[in-house]
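First up is the structure itself, then whatever we jot down about it.
Keep in mind it's a predicted model, so treat the numbers as computed, not measured.
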Amino acid sequence: MRDYNPDQGEHRLRRILAAVHMPLYLALAVLFGVWAWRSQAGTAPNAWALGAVALLFAVLALLALADSAIVRNHHHRRNTRR
């Protein structure tokens, strides 16, 4: 019988959240980036605001990717110690 580890559920939740959020943030970054690229001068919202939102979502996607890599590394280290 395996020992119960309370961190196991936390890491599973973080993996699921990263798997959902990373593609979502990436898709939103592309969407807002294309919208900023296609926006006309003088329209609301302006291209700079849309570009800033696209950049924000791109950073969030990178953070979700980094979190996923950290959780995967922690899981790998825990399994190799046994």
Checklist line | Residue pairs involving residues 18-36 (criterion salt bridge (Lys or Arg N to Asp or Glu O under 4.0 Å); sequence neighbours excluded) | finding: none

Notebook entry, point to check: What residue pairs, at least two apart or across chains, pass salt bridge (Lys or Arg N to Asp or Glu O under 4.0 Å) with a residue in residues 42-51?
Noted result: none

Notebook entry, point to check: Which residue pairs pass the salt bridge (Lys or Arg N to Asp or Glu O under 4.0 Å) test with at least one member in residues 46-65, sequence neighbours excluded?
Noted result: none

Margin query: Show me the pairs that pass salt bridge (Lys or Arg N to Asp or Glu O under 4.0 Å) and involve residues 24-33, at least two apart or across chains.
Written below: none

Notebook entry, point to check: Does L24 share a hydrophobic cluster with V71, counting links as ILVMFWY side-chain heavy atoms below 4.5 Å and allowing steps through other members?
Noted result: no

Ignoring hydrogens and angles, write down the donor-acceptor pairs under 3.5 Å from the side chains of residues 28-44, residues two or more places apart or on other chains.
residue, atom, partner, partner atom, Å
S39, OG, A36, O, 3.0
T43, OG1, Q40, O, 2.7

Margin query: Once rounded to the nearest 0.5 Å, what's the spacing between atom OG of S68 and atom CE of M22?
Written below: 6.0 Å

N/O donor to acceptor pairs below 3.5 angstrom from side-chain atoms of residues 53-67, sequence neighbours left out:
residue, atom, partner, partner atom, Å
D67, OD1, R14, NE, 3.2
D67, OD1, R14, NH2, 2.2

